[in-house]
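Since the model is a prediction, treat every value here as computed from it, not as a measurement.
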Amino acid sequence: MAIKSTADKVATIVQGYTLDGPTIELGAAIVDGELHKDAPVRLPLAMMNRHGLVAGATGTGKTVTLHMMAEQLSTAGVPVFLADIKGDLSGLATAATGSEKLLARTQSIGQAWSGKTFPVEFLALGGDGRGIPVRATITSFGPILLSRIMDLNETQESSLQLVFHFADKNNLELIDLKDLRTVIAFLTSAEGKDELEELGGLSKATAGVILRELITLEAQGMEKFFGEPEFDTAELLRTAPDGRGVVSCLELPTLQTKPMLFSTFLMWLLADLFEDLPEAGDLDKPKLVFFLDEAHLLFNGASKAFLDAITTTVRLIRSKGVGIFFVTQTPKDVPADVLGQLANRVQHALRAYTPEDAKALKATVSTFPTSDYDLEETLTTAGIGEAVITVLNERGAPTPVALTRLRAPESVMGPSTDSLIASTVAGSALLPKYGTAVDNISAYEKITAEGGDHRGGDHRGAAPTGPAAGAAHPGGAVQGGGVQGGALDPNAIDAEARRIEEEILGRPSSRPAAAPGTPPGYGDAPERQTPRQAPRQAPPTGGGIGGDLAGAWGGALGGGLKSMARSLGTQLGKELLRGVFGTSSKRRRR
């Protein structure tokens, strides 16, 4: 094969990265050791939901690459999620000042640089940090992800799924760790032994192991990550008033002490989005780009069920308009089934100091298309802020491999000041909604209430928090139940019937929409519902999931829809609540 000249190599790159639609500008190509600012390297915005990988050895510039990409995505109106492990990404909220060295670099690659700030929302898991607290209920988190945190084996994971099924079936809301612990303690008690036997695959010994693991989690202080108010992942899809995408920056200051918890929580955010977003098809730009840092933590020692769920999520969430970029040291940190879904590659330098490093280098080179570079040499000699790149063009074909000097961020490459972060959090619209933890009536109160019945009914003043619960108000009006002054509210009945047909059955409803100004009925937002009030009694409907659903919907709607609810019960069961990861968001439960 004839050896190509430098000019021909540059021409190949220029042609490969000449794109028609909006793009993320990544930098300028380096060919035969020379920088060519007339050969820009770009990533089509429409292809960012084809997912990607940002990899490289420690200290090669991966975090700065995320920073630079997040800025441009925000400018293009695309919301971004970032896990801020080292605290450096908070600098997105502070405009950078140009030094002589920085401006010389940006001019050399043809970047018109100016200092800018970007709209940032600071988040913190369970309030463990300075941002808006992000919590999940145990019910929402689900058995597969929780098993991952508890390091359960596959048999124990299956048993935990049975416990969740029991709680779902019997309207026992699992809000925090004490709820799940109480349910398992009940099942292993003399009172609950009959229920334990009905579950079949759950032995008392296995339940005891799970119970001990839960107590260990509580002893480690992990209970603060679970509870209410539960974070609504739709908050990650917001744009600022000026049209720029909001950058949600999740602070992880103690990652090293709880790596499994943090990495699994990130997967919960992604799984919740996957279950709730509608199909979107091919878009001009993604709805959200999700950067999953320290990705290897997700996969180390993962069960087959967990890996299968990740693979399914990555493969299918693309059509819902979400792009995922895994960030790790080498591609071998990511399982082959997942790696095969990552079409956009930004590979920083690798080191080859050990035989294991050399093996990883060869494996990385083998994943790139044929190129004009000696990739083994290029990947070991690339400088800080340089990366080997190939992405999908607008036709879905790989672009030429290009060693690229990357653009510089326009905000501070480091942390923002504590005062700026504090004032941003204090002024956030999310703080009133998520800032204060609440402890609503749930499985713990229902089971431990004196004389309480875990199947529902009289809980001695403990109100159900599920969709069957109406909050009592003065004057005999029951918000959420459609009962006002003792009479059924027909608007509430129609509203709930329409919701069942559209959201659960997945078909258009012929029932009329509520007229403007109609008093709120069943299906009000959770923040309008008043917890800890005495419940209305639903008429008995028989046991089993079908009976539970019929009782819940029948109690809220009256006799007209009881038969419909009863017939739905056997079809829905656990599938009504659980997604691919076993997750169940509040939006899908109400």
Quick one: list whatever passes side chain to side chain donor-acceptor pair (under 3.5 Å) with [X], sequence neighbours left out.
{"X": "Asp337", "result": "none"}
{"X": "Thr328", "result": "Asp333"}
{"X": "Thr370", "result": "none"}

Just checking, any donor-acceptor pair under 3.5 angstrom between side chains of [X] and [Y]?
{"X": "Thr378", "Y": "Tyr373", "answer": "no"}
{"X": "Thr23", "Y": "Glu25", "answer": "yes"}
{"X": "Ser411", "Y": "Thr94", "answer": "no"}
{"X": "Asp308", "Y": "Thr311", "answer": "no"}
{"X": "Thr364", "Y": "Gln347", "answer": "no"}
{"X": "Ser140", "Y": "Trp268", "answer": "yes"}

Atom of [X], atom of [Y] and distance for their closest heavy-atom approach:
{"X": "Val246", "Y": "Ala240", "result": "CG2-N, 3.7 Å"}
{"X": "Leu316", "Y": "Ser319", "result": "O-OG, 3.0 Å"}
{"X": "Phe325", "Y": "Leu53", "result": "CD2-N, 4.1 Å"}
{"X": "Pro400", "Y": "Gly16", "result": "CD-CA, 3.6 Å"}
{"X": "Thr117", "Y": "Arg244", "result": "O-NH1, 2.8 Å"}
{"X": "Ala95", "Y": "Gly115", "result": "CB-C, 3.9 Å"}

>> Angle between ring planes, Phe326 versus Phe299, binned at 30° and 60°: parallel, tilted or perpendicular?
In response: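 Because their plane-to-plane angle lies in the 30° to 60° range, the rings of Phe326 and Phe299 count as tilted.
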> Parallel, tilted or perpendicular: which describes the rings of Phe226 and Phe265, with under 30° parallel and over 60° perpendicular?
Replying inline: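 The arrangement is tilted - the two ring planes meet at 30° to 60°.
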If we only count heavy atoms from C-beta on, is the [X] to [Y] side-chain gap below 4.5 Å?
{"X": "Leu379", "Y": "Val365", "value": "yes"}
{"X": "Val247", "Y": "Pro119", "value": "no"}
{"X": "Met48", "Y": "Met69", "value": "yes"}
{"X": "Phe290", "Y": "Ile317", "value": "no"}
{"X": "Leu430", "Y": "Arg238", "value": "yes"}
{"X": "Leu236", "Y": "Leu123", "value": "yes"}
{"X": "Asp88", "Y": "Met413", "value": "no"}
{"X": "Thr390", "Y": "Phe368", "value": "yes"}

> After noting the C-alpha distance and the side-chain angles of Asp84 and Ser90, does the key distance pass the side chain to side chain contact (heavy atoms under 4.5 Å, CB included) rule?
Replying inline: CA-CA 7 Å; Asp84 192 5; Ser90 64; 4.1 Å; yes
Give a yes or no answer on whether the side chain of [X] reaches the backbone of [Y] with a donor-acceptor pair at less than 3.5 Å.
{"X": "His36", "Y": "Ala29", "value": "no"}
{"X": "Ser147", "Y": "Leu145", "value": "no"}
{"X": "Ser74", "Y": "Glu71", "value": "no"}
{"X": "Thr106", "Y": "Trp113", "value": "no"}
{"X": "Glu386", "Y": "Gly383", "value": "yes"}
{"X": "Glu228", "Y": "Thr137", "value": "no"}
{"X": "Asn344", "Y": "Leu392", "value": "yes"}
{"X": "Lys285", "Y": "Ala76", "value": "yes"}
{"X": "Lys224", "Y": "Gly126", "value": "no"}
{"X": "Thr12", "Y": "Asp8", "value": "yes"}

Set of salt bridge (charged side-chain N to carboxylate O under 4.0 Å, His left out) partners for [X], sequence neighbours left out:
{"X": "Asp38", "result": "none"}
{"X": "Arg351", "result": "none"}
{"X": "Glu376", "result": "Lys362"}

Working to the nearest 0.5 angstrom, can you tell me the gap between [X] [atom1] and [Y] [atom2]?
{"X": "Ile324", "Y": "Leu270", "atom1": "CD1", "atom2": "CG", "result": "4.0 Å"}
{"X": "His67", "Y": "Glu410", "atom1": "NE2", "atom2": "CD", "result": "9.5 Å"}
{"X": "Leu298", "Y": "His296", "atom1": "CG", "atom2": "NE2", "result": "9.5 Å"}
{"X": "Leu237", "Y": "Ser248", "atom1": "CG", "atom2": "OG", "result": "8.5 Å"}
{"X": "Met68", "Y": "Leu66", "atom1": "CE", "atom2": "CG", "result": "9.0 Å"}
{"X": "Asp282", "Y": "Arg318", "atom1": "CG", "atom2": "CZ", "result": "6.0 Å"}

[atom1]/[X]: more than 12 non-hydrogen atoms of other groups inside 6.0 Å:
{"X": "Glu279", "atom1": "CD", "answer": "yes"}
{"X": "Leu283", "atom1": "CG", "answer": "yes"}
{"X": "Asp242", "atom1": "CG", "answer": "yes"}
{"X": "Glu394", "atom1": "CD", "answer": "yes"}

Can we say [X] and [Y] salt-bridge, meaning some charged N sits less than 4.0 Å from an Asp/Glu carboxylate O?
{"X": "Lys320", "Y": "Asp276", "answer": "no"}
{"X": "Lys4", "Y": "Asp372", "answer": "yes"}
{"X": "Arg148", "Y": "Glu157", "answer": "no"}

> Can a cation-pi geometry be assigned to Arg135 and Tyr434, taking NZ or CZ under 6.0 Å from the six-membered ring centre and within 45° of the ring axis?
Replying inline: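 That pair does not qualify as a cation-pi contact.
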> Step by step, would you call Thr58 with Gln329 a side-chain hydrogen bond (donor to acceptor under 3.5 Å, both in side chains)?
Replying inline: CA-CA 7 Å; Thr58 300; Gln329 293 200 8; 3.0 Å; yes
> Does the pair Arg345 and Thr367 meet the rule for a side-chain hydrogen bond (donor to acceptor under 3.5 Å, both in side chains), with working shown?
Replying inline: CA-CA 10 Å; Arg345 302 283 298 278; Thr367 63; 3.0 Å; yes
